[in-house]
Amino acid sequence: MVLRRLELRHFRNLGVQELTFPPEGVAVVGDNAQGKTNLLEAIYYLESFRSFRGAGDGELTAFSEDVFYVRGSVDGEEPATVAAGFDRRTRSKKVTVDGSDTIRISAALGRLGAVVFSTTDTELVAGGPSVRRRFLDIALSLNRSGYLEALQEYRRTLAQRNAALRTDGGGLGLRDRVRPWERGLVKQGARLTRMRQEWVSEWGGHFARYYETVSGGDSAAISYRPNLRPSGPEGTRADVAGSAGPDEPAPDEDALREVFIARLDERWQRDSRLGVTSAGPHRDELLVTIDTGERTLPARAYGSGGQRRTAALALRLTEAATIRKQRGAEPILLIDDAFAELDSGRSGRLAGLLAEEGTGQVILTVPKEADVRLPGRSLGLWHIRDGVIAA
Ligand code: ATP
Ligand code: MG
């Protein structure tokens, strides 16, 4: 896909402006705190309708305004004009695709086919399991039909079951009051587990190849540690070596449902005492490991800064490859100063990889012109100052 026009109104410090992007892409150069990340945040807002930095919609609205509005037109296999607006007085968000505003937000997701490479991505590897579950959830919601619906239903029933667990008067009869929520929970939980497993099986090899290419020889892997495993729920250090590899076949949903039902019964005493559901895919882990030749170690605990950074880049490249395959179109790469912190070998190999992987549009932000390093690309050069972009 190719982002052609972008209209901005009071999104962060970007003011009111209209931009026309070259199909090849552009490098946006500007000092710190001028609005580079804000620009990529605005573009990706049209893909996911939320901030990739985790900011609330209120924070995205210019300080002196009550309403922001962003509209973008994409060319490609499925041209579309996507717009989103937010009013902080009423806290209402409105999304339109091709001018039609009856659409549900979930039906408007993923129209750009964009991936953000951010300097904060290291957190994907260094952070706790919930960060990687979120990565999986976003990648799968945007690229697998049915995933988002299953996730929403799962979260709803999980909250209901937890609320039922906490109702007063526990004791006798509590099990019967909680059980009605388990049907939906088990069904959607098995579904999520299967889809996550399938994704890791399909893309784990790509991740390893991207990591190896950028690092120049080191290896790393991702493996899925579903909470719903017949052998036991927790991903412990001891089973890292014998972990479910990328090629593990996807278990069937019937078997997963049985495991889930058994696990809920097994954990009943504990769950009813604590008032939380302790089994299910909301406790999954997507393990990232680094292979030293002698040992396979969790990157989270043992990876160096550069290794984690490289693993995070490999995850984003894998996400981009998923879009390329799923939509049959080149993803738009939004690269926020991604070469920062990489040694020159790694940044050179990353640039080479980006050039060979695809020929899609790249929107790159850098603090200095000298940091624009994409061989084989003739990116336009824009400058940004105080939120104002000049071609
Ligand atoms: P760096 O190179 O340091 O990453 P950047 O160019 O990416 O900088 P941004 O994060 O895009 O910088 O923009 C930061 C600027 O945006 C800050 O000056 C901040 O005050 C301003 N800003 C953030 N939110 C809002 C808002 N809601 N309204 C107005 N300005 C905002
Ligand atoms: Mg920034």
Side-chain angles (χ1 to χ4, degrees), residues 3 6-19 21 25-72 83-94 112 114-124 126-127 131 305 308-309 312-313 315-316 332-342 347 350-351 354 361-374 379-391:
L3 177 66
L6 182 70
E7 183 184 337
L8 297 160
R9 287 179 176 273
H10 309 304
F11 186 98
R12 298 255 198 203
N13 72 338
L14 298 172
V16 177
Q17 42 192 327
E18 275 197 58
L19 307 167
F21 287 85
V26 68
V28 183
V29 182
D31 287 342
N32 294 140
Q34 300 306 306
K36 299 184 297 297
T37 304
N38 294 348
L39 175 65
L40 300 186
E41 194 178 32
I43 296 171
Y44 197 75
Y45 197 86
L46 297 176
E47 171 86 350
S48 68
F49 307 107
R50 56 202 290 179
S51 158
F52 74 76
R53 296 199 249 196
D57 292 323
E59 294 165 79
L60 303 180
T61 316
F63 297 138
S64 53
E65 299 287 331
D66 291 317
V67 177
F68 79 75
Y69 178 78
V70 186
R71 184 170 62 173
F86 175 76
D87 186 331
R88 74 161 126 215
R89 289 162 304 193
T90 53
R91 306 212 51 76
S92 59
K93 173 145 68 182
K94 195 169 134 178
L112 266 56
V115 177
V116 186
F117 293 71
S118 156
T119 45
T120 56
D121 283 346
T122 315
E123 188 57 21
L124 275 177
V131 184
R308 290 172 180 174
R309 180 107 204 85
L313 283 165
L315 279 174
R316 292 300 184 201
I332 301 172
L333 305 185
L334 306 174
I335 305 181
D336 198 15
D337 203 9
F339 298 85
E341 299 170 52
L342 290 184
S347 55
L350 173 62
L354 288 172
Q361 191 179 34
V362 176
I363 301 172
L364 176 76
T365 70
V366 280
K368 297 190 293 290
E369 220 171 297
D371 294 335
V372 184
R373 287 175 281 201
L374 277 186
L379 293 186
L381 198 63
W382 291 358
H383 288 87
I384 181 166
R385 200 192 158 90
D386 262 334
V388 179
I389 293 150

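Both ligands and their constituent atoms are indexed starting at 1 by order of listing. Excluded from the calculations below are hydrogen atoms, water molecules and symmetry mates; all remaining heavy atoms, backbone and side chain alike, are included.
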Tell me how many protein N, O or S atoms are within a distance shorter than 2.8 Å of the Mg ion (ligand 2).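 Total protein N/O/S atoms under 2.8 Å from the Mg ion (ligand 2): 1.
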
Can any side-chain N or O of [X] pair as donor or acceptor with the backbone N or O of [Y] at less than 3.5 Å?
X: Arg316; Y: Val116; result: yes
X: Arg88; Y: Glu65; result: yes
X: Glu7; Y: Arg71; result: no
X: Gln17; Y: Gly387; result: yes
X: Glu369; Y: Val29; result: no
X: Asp87; Y: Arg89; result: yes

Is there a heavy atom in [X] that sits closer than 4.0 Å to ligand 1?
X: Arg385; result: no
X: Ala33; result: yes
X: Ala62; result: yes

Surrounding NZ of Lys93 (heavy atoms of other residues, nucleotides or ligands, distance under 6.0 Å), is the total greater than 12?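 Yes, the 6.0 Å shell around NZ holds more than 12 heavy atoms from other groups.
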
Measure [X] to ligand 1 on non-hydrogen atoms and call it side chain, backbone, both or neither using the 4.0 Å cut-off.
X: Thr61; value: backbone
X: Glu41; value: neither
X: Glu65; value: neither

Which residue and atom name correspond to the protein heavy atom nearest atom 10 (O) of ligand 1, and how close is it?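 Protein heavy atom with the smallest distance to atom 10 (O) of ligand 1: Arg53 NH1, 3.2 Å.
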
Tell me: protein heavy atom nearest atom 20 (O) of ligand 1, and distance?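 Protein heavy atom at minimum distance: Phe63 CE1, 4.1 Å.
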
Show the atoms of ligand 1 that are less than 4.0 angstrom away from any heavy atom in [X].
X: Asp31; value: 6 (O)
X: Asn38; value: 9 (P), 10 (O), 11 (O), 13 (O), 14 (C), 15 (C), 16 (O)
X: Thr37; value: 4 (O), 5 (P), 7 (O), 10 (O), 11 (O)
X: Lys36; value: 1 (P), 2 (O), 5 (P), 6 (O), 7 (O), 8 (O), 11 (O)

Identified side-chain hydrogen bond (donor to acceptor under 3.5 Å, both in side chains) counterpart of Thr37 within the set Thr365, Asp336, Asn32, Asp337: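 The single option meeting the side-chain hydrogen bond (donor to acceptor under 3.5 Å, both in side chains) with Thr37 is Asp336.
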
Any heavy-atom pair between the side chains of Thr120 and Arg53 that's under 4.5 Å?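 Side-chain contact under 4.5 Å: no.
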
Side chain proximity check, Leu8 to Leu39, heavy atoms < 4.5 angstrom: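 Leu8 vs Leu39: side chains touch.
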
Rounded to the nearest 0.5 Å, how far does CG of Leu315 lie from CZ of Phe117?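 Between atom CZ of Phe117 and atom CG of Leu315 there are 10.0 Å.
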
Aromatic contact between Tyr45 and Phe86, with the criterion being ring centroids under 6.0 Å apart: yes or no?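 Judged by ring-centre distance (under 6.0 Å), Tyr45 and Phe86 do not meet the cut-off.
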
What about Leu60: any of its N or O atoms under 3.5 Å from an N or O on ligand 1?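 Between Leu60 and ligand 1, no N or O pair is found under 3.5 Å apart.
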
